[in-house]
S.K.: 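Pasting a structure here, questions to come.
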Amino acid sequence: MLKVVNLAVKYPGSDHHVVQNVSFELPSKSILGIFGRSGSGKTTLLKAVAGLMQPAKGQVLLNDEVIDGPEDKLVPGHEEIRLVFQDFRLKHLMTIAENIRYELLPYEVDYREDRLEKMLRICLLEEFRDTFVEALSGGQKQRVAVARALATEPQLILMDEPFSNLDMGAKSLLRKALHNIIDETSSSLIFVSHDPEEVLALCDQIVVIDEGKIKQTGTPQDIYERPATLEIASLFSRLSSVQQEDKILYYRPESFVIDVTGKADFEGTVTRVDYLGSHQLLLLNDVKGSKLIVRDEKFQYKKGDVVKGSMTHSPVIVKRRN
C-alpha cells in the first residue's frame, strides 16, 4: 500500500510549490494514472514518490515506511520502487536478454534465468530476446525498460509518459504488457499521462492534477461521468453547451442520438464533419441557437445536411449563468 500524505514539493532556491498538499492512496496490484496538462506538476510528483525529490512538507509511505528524500539518504530512491525514465536508459551494446540479466546479477543463476523468462513473456519480448537494443523500435524499448524495472520484483513501478511517441500498435502492446504485470505479479503501477484514452482504459484510479494540486480523484467512470469541474470535463472529450433559462448545460458527443422518426430534442444543420475512423463527429448549428457536437457511428451525414434527434444522457456539467 502506497500512501501520499499532504505532500508539497518545491525546487531548491524557489519559494513556489510545484506540488501542493497532494494526498492519495494506492492499493497493491492496481494501476493509478496521474493525469493533467503539460506543466501541471505530474512529473515532479512522480519523482517525489520515487524518493528522488525532497518533500517540503508531507510524507510518502510504502507499507507504512516513510520514503526518505535525497537530503535524508546517501543514494536517493527506494529499493522497492523503480522509475522507468522517458529515455529508457538501456544498455545499447547488449541484447534484450542481456539487459534484463544485468538487473539480476546479484542473484543466483536459477532465479536469474526464471525471472528473465518471466519478464520476456510478461512484456511480450520472447521473440526479440537476442535482438540488440539499437535495433528496436520505440515501443519495444519501452517494454524492455519495463521488464528491467520489473525484474527484481519491486512493489511499485513508476512511469513518466510511457505512451508518448508510440504508434497505435506499440501502445496496444504496451497496454497489454502492463495488464500482464498486474495479473501476474504483486507490483502496482503509477504512470503520468496527458492522454485521456490511456488513463481511462488502463487505470483503476485517476488523480487529476493542475497547478500542482489535485482537482479530482476517482475511478475512470467517476471522472468521465461525474467530473468535478468544467475544466476536468473538457480534458476527456469535446463538449457542447446548451443554454436553458438561467443555466448552461454541457454534453458529451455521445449524449446526442440521431433519430429521424422520434420527437426531436435537437435539430441542426451540419457545418463540419470530423472523420475519426470508428465514427465521425458532426458539428451542428442547432435551430435553438446552440452549436452541438454529435457522434455519428453510421457515417450517414455530410456538410449541409439537417440532423435531428434526442438526448439520452444527462448533462455532464451544469453551470448557472452569471
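Computation of the quantities below employed the complete heavy-atom set of this structure, encompassing side-chain atoms and omitting hydrogens, waters and symmetry-equivalent molecules.
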S.K.: Is it the case that atom CG in N165 sees more than 12 heavy atoms from other parts of the structure closer than 6.0 Å?
M.R.: no
S.K.: Linking I/L/V/M/F/W/Y whenever any side-chain heavy atoms sit under 4.5 Å apart, do L173 and F128 land together?
M.R.: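 No, no single cluster joins them.
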S.K.: Locate the shortest heavy-atom distance separating S314 from S255; write the atom from each residue and the value.
M.R.: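 Residues S314 and S255, closest heavy atoms: O-OG, 4.5 Å.
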S.K.: Strictly by side-chain hydrogen bond (donor to acceptor under 3.5 Å, both in side chains), give each pair with a member in residues 177-186 just once, sequence neighbours left out.
M.R.: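 Found R121-E184.
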S.K.: What closest approach, in Å, do E267 and D286 show between heavy atoms, and which atom pair accounts for it?
M.R.: O-OD1, 2.8 Å
S.K.: Could you state whether I182 and M159 fall into the same hydrophobic cluster, counting links through intermediate Ile, Leu, Val, Met, Phe, Trp or Tyr residues with side-chain heavy atoms under 4.5 angstrom apart?
M.R.: yes
S.K.: Charged N to carboxylate O below 4.0 Å: is that the case for R129 and E117?
M.R.: yes
S.K.: Tabulate below the donor-acceptor pairs under 3.5 Å that side-chain atoms of residues 145-158 make, not counting sequence neighbours, or state none.
M.R.:
unit_1	atom_1	unit_2	atom_2	d
R148	NE	N99	O	3.4
R148	NE	E103	OE2	3.2
R148	NH1	R89	O	3.0
R148	NH2	E103	OE2	2.4
E153	OE2	Y111	OH	2.4
Q155	OE1	N63	ND2	2.4

S.K.: Cluster partners of M94, using ILVMFWY side-chain heavy atoms under 4.5 angstrom, listed by chain and number?
M.R.: Y102, L105
S.K.: Can you confirm whether K29 is buried at NZ, in the sense that more than 12 heavy atoms of other residues, nucleotides or ligands lie under 6.0 Å from that atom?
M.R.: yes
S.K.: Do S188 and L2 have side chains that approach each other closer than 4.5 Å (heavy atoms only, starting at C-beta)?
M.R.: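 With C-beta onward as the side chain, the pair stays apart.
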S.K.: Partners of D72 by salt bridge (Lys or Arg N to Asp or Glu O under 4.0 Å), sequence neighbours excluded?
M.R.: none
S.K.: Can you name the nearest heavy-atom pair linking K91 to V133, along with the distance?
M.R.: O-CG2, 3.6 Å
S.K.: Which heavy atom in S290 sits nearest to a heavy atom in Q243, and how many Å separate them?
M.R.: OG-N, 4.1 Å
S.K.: Which of parallel (below 30°), tilted (30 to 60°) and perpendicular (above 60°) describes F191 and F163?
M.R.: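 Plane angle over 60°, so perpendicular.
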S.K.: Test of understanding: with salt bridge (Lys or Arg N to Asp or Glu O under 4.0 Å), list the residues that count as partners of R112, not counting sequence neighbours.
M.R.: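 None.
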S.K.: Return all side-chain donor-acceptor pairs below 3.5 angstrom for residues 204-216, not counting sequence neighbours, or 'none' if the list is empty.
M.R.:
unit_1	atom_1	unit_2	atom_2	d
D204	OD2	I31	N	2.7
Q216	OE1	A228	N	2.7
Q216	NE2	R226	O	3.0

S.K.: Report yes or no: do V66 and V49 belong to one cluster of Ile/Leu/Val/Met/Phe/Trp/Tyr joined by side chain heavy-atom distances under 4.5 Å?
M.R.: no
S.K.: For K171, what residues pass the salt bridge (Lys or Arg N to Asp or Glu O under 4.0 Å) criterion, not counting sequence neighbours?
M.R.: D195
S.K.: List, by chain and number, the other hydrophobic cluster members for L230, where Ile, Leu, Val, Met, Phe, Trp and Tyr join if side-chain heavy atoms come within less than 4.5 Å, directly or indirectly.
M.R.: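 Its cluster partners, ordered by chain and number, are L239, I248, Y250, V316, I317.
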S.K.: Looking at R175 and E197, is any side-chain nitrogen of the basic one under 4.0 Å from a carboxylate oxygen of the acidic one?
M.R.: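 Here E197 pairs with R175 in a salt bridge, since their nearest N and O are under 4.0 Å apart.
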S.K.: V307: which residues meet the side-chain contact (heavy atoms from CB on, under 4.5 Å) condition with it, sequence neighbours left out?
M.R.: I258, F266, V270, L282, L284, Y301
S.K.: Does atom CG (D15) have a neighbourhood of more than 12 heavy atoms from anything else shown, all under 6.0 Å?
M.R.: no
S.K.: Do you know which two heavy atoms are closest between F299 and Q280, and how far apart they sit?
M.R.: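 What the structure gives for the nearest pair is CA-NE2, 3.5 Å.
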S.K.: Taking the side chain as everything from C-beta on, heavy atoms only, tell me whether V84 gets closer than 4.5 Å to Q142.
M.R.: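 V84 vs Q142: side chains touch.
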S.K.: In chain order, what residues pass the side-chain contact (heavy atoms from CB on, under 4.5 Å) check against K47, with sequence neighbours excluded?
M.R.: T43, L52, M53
S.K.: Going by the rule salt bridge (Lys or Arg N to Asp or Glu O under 4.0 Å), which residues pair with E254 if we only count those two or more places apart in sequence or in a different chain?
M.R.: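 E254 satisfies salt bridge (Lys or Arg N to Asp or Glu O under 4.0 Å) with no residue once adjacent residues are dropped.
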S.K.: For a quick test of reading the model, state the closest non-hydrogen atom pair linking C203 to G33 and the distance between them.
M.R.: SG-N, 3.3 Å
S.K.: For P253, which residues count as a side-chain contact (heavy atoms from CB on, under 4.5 Å) partner, sequence neighbours excluded?
M.R.: S237, L281, I293, R295
S.K.: Check this for me: K291, atom NZ, are more than 12 non-hydrogen atoms of other residues, nucleotides or ligands nearer than 6.0 Å?
M.R.: no
